[in-house]
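See below for the structure under consideration.
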Amino acid sequence: MPSSLVSTPLEEIPKIHASLFAGFANGTGKLSSIQFRKNQLLQLGYAFHDNLDRWHDALAKDMGRPKFEANMSDVSAMLSEVSFAYKNLGGWTKATGPTNWSITWAPFSPTIRKEPVGVVFIITPFNFPIWTLGPLVGAIAAGCPALIKPSELTPATSSLMAEILPKYLDQDVYRIVNGGVEVATKVLELKWDHILYTGSGRVGRIVATAAARHLTPVTLELGGKSPVFIDPAMDLKVAARRILWGKFMNAGQTCIAPDYVLIPESIKDSFVKECQDVYNSFYPAGPRKSDSFGRIISEGHLNRLKRYLDETKGEIVFGGEAEHEDKYLAPTLVKNVSLDDSLMQDEIFGPVLPLVTVKDVKEAIQVVNKRDRPLALYIFSNNAGYRSQVLDSTLSGAAVVNDVLMQGGCQTIPFGGSGPSGSGSHKGKFSFDTFTHSRPTIRSPSWIDFIVGFRFPPYTTNKFKAMNRQLMPSLPARRPSPTGVTK
């Protein structure tokens with residue numbers, strides 16, 4: 001672990017845990033106030049707004065993150081989450097009636113209260129250390145105390161969080177711990193009311209196993225190999241520009257980055273040419289000296305990516321150069337990549353884009369369906385039939401048409417995986433819902449016994465008939481089964 005990051009002493013963690021549960025106080029504490037939550041949301045926003053230059057510097061130090069990308073994908077995304085929650089919190093927290101009205105149950109006034117799930121633990125990754133604090137916005141909005149553990153791989157940013165956030169947020173209910181595996185392990189030994197983890201599937205299994213010991217619900221935001229489908233009739237210039245932007249932003253270290261392209265044989269050469277032109281336009285003086293391209297997070301991750309390239313049987317079109325001195329790996333395009341290639345075994349999580357040649361969309365669908373469900377799936381087509389064919393035949397956390405990454409910034413849709421790419425979701429109200437218990441309540445009026453008095457013993461034939469009249473529903477008429485046989 002980088003020596004510049006000060007770890008939280010292990011003996012302090014149980015004390016922090018106890019103080020957060022004391023701060024929750026079974027719903028009777030300060031978090032029951034909606035105004036308090038709104039004030040804390042604003043404080044979180046201003047923790048970033050007031051210190052923009054310092055956050056930019058920290059991200060640049062940790063990852064070589066261009067200031068433009070830091071603002072677009074981290075800071076502005078976080079402030080948008082804060083603003084969205086602040087404006088809508090009043091409506092989110094109001095008790096609601098049932099989704100479907102029922103004449104049987106209407107006299108009982110069924111209501112759903114929105115209550116916090118309790119004290120939560122949020123583990124954030126290295127690649128977007130500020131954007132992935134979005135779930136904290138949901139925890140604050142829901143009224144949950146929260147412990148945050150940022151990544152040890154971003155020592156400058158994580159240290160800055162430990163310095164700045166306590167100055168803005170109420171320490172009775174929001175705390176931060178720093179450190180490596182030993183700190184995370186100590187925290188996971190304790191009981192939490194909900195855990196949200198963003199990162200790799202390998203660590204996700206460890207988190208889920210630790211949570212299971214306490215029957216703690218878990219939200220897992222993982223990853224996977226997110227494929228790209230390209231319709232041969234698509235404008236390839238548009239597709240190439242958007243795909244390469246999404247792949248090379250943050251040096252490819254994005255969980256929803258396009259991982260590989262399923263390119264029809266008929267357009268492979270044309271698409272490669274468009275990619276070369278886009279590459280030249282993105283980095284006219286070369287990416288090494290560009291202020292628009294970042295760096296790999298660590299020497300270990302750089303070695304992993306370099307090993308993929310050393311072992312690939314595909315043909316490198318451009319890129320492939322690595323410089324260990326500043327953890328640089330050039331934006332790289334590799335064509336003629338087979339399904340058993342080194343680049344197709346695990347999520348790449350770096351600026352390397354393999355092109356897998358397929359005959360048609362049917363073969364492309366078969367390739368995707370033989371693999372784990374991805375966190376994202378991208379379709380480039382202006383043909384409704386083509387899009388429907390892909391969407392109706394595949395499963396993924398999200399699906400995006402004619403663009404990449406954009407789903408990560410939209411507060412009105414959930415962000416989450418499916419199967420091995422994750423479980424649960426966040427963003428906007430979905431973050432609030434993740435940390436909210438929908439508590440059902442009913443209120444029985446005194447006169448209701450005139451209607452349902454049959455429920456009380458002794459049971460009689462007349463009461464049995466009355467019960468059936470009141471409670472036994474009638475079913476729709478039978479319909480033929482798909483085989484044509486009525487059962």
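- A side-chain donor-acceptor contact under 3.5 Å links R373 and S418.
- Taking every heavy atom of both residues into account, I365 and S393 meet most closely at CG2-CB, 3.8 Å.
- Between A47 and N51, the shortest heavy-atom distance links the atoms O-ND2, 2.8 Å.
- Of all heavy-atom pairs spanning V82 and L41, the tightest one is CG1-O, 3.2 Å.
- Among Y86, W92, F84, the one residue that satisfies the ring-ring contact (aromatic ring centres under 6.0 Å, His included) test with F432 is W92.
- A salt bridge does not link E189 with R213: none of the charged nitrogens is closer than 4.0 Å to a carboxylate oxygen.
- The pair E163-R54 meets the salt-bridge criterion, since a charged nitrogen lies less than 4.0 angstrom from a carboxylate oxygen.
- The closest side-chain donor-acceptor pair between D50 and Y168 falls under 3.5 angstrom.
- For the pair E347 (side chain) and G224 (backbone), a donor-acceptor distance under 3.5 Å is present.
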Under the ring pair (Phe, Tyr, Trp, His ring centres under 6.0 Å) criterion, do H301 and F349 qualify, and how do the steps go? CA-CA 9 Å; H301 280 278; F349 219 70; 7.0 Å; no
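- For Q43 and N39, the side-chain atoms include no donor-acceptor pair closer than 3.5 Å.
- In this structure, the ring pair (Phe, Tyr, Trp, His ring centres under 6.0 Å) partners of F48, at least two apart in sequence or on a different chain, are W55.
- Between T216 and H194, the side chains place no donor N or O within less than 3.5 Å of an acceptor N or O (distance only, hydrogens not considered).
- Residues D62 and T157 have side chains that bring a donor and an acceptor to within less than 3.5 angstrom of each other.
- H437 pairs by the ring pair (Phe, Tyr, Trp, His ring centres under 6.0 Å) definition with nothing, not counting sequence neighbours.
- N402 places a side-chain N or O within 3.5 Å of a backbone atom of S381 that can act as its donor or acceptor partner.
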Salt bridge (Lys or Arg N to Asp or Glu O under 4.0 Å) evaluation trace for K429 with D433: CA-CA 6 Å; K429 186 176 182 294; D433 291 341; 2.9 Å; yes
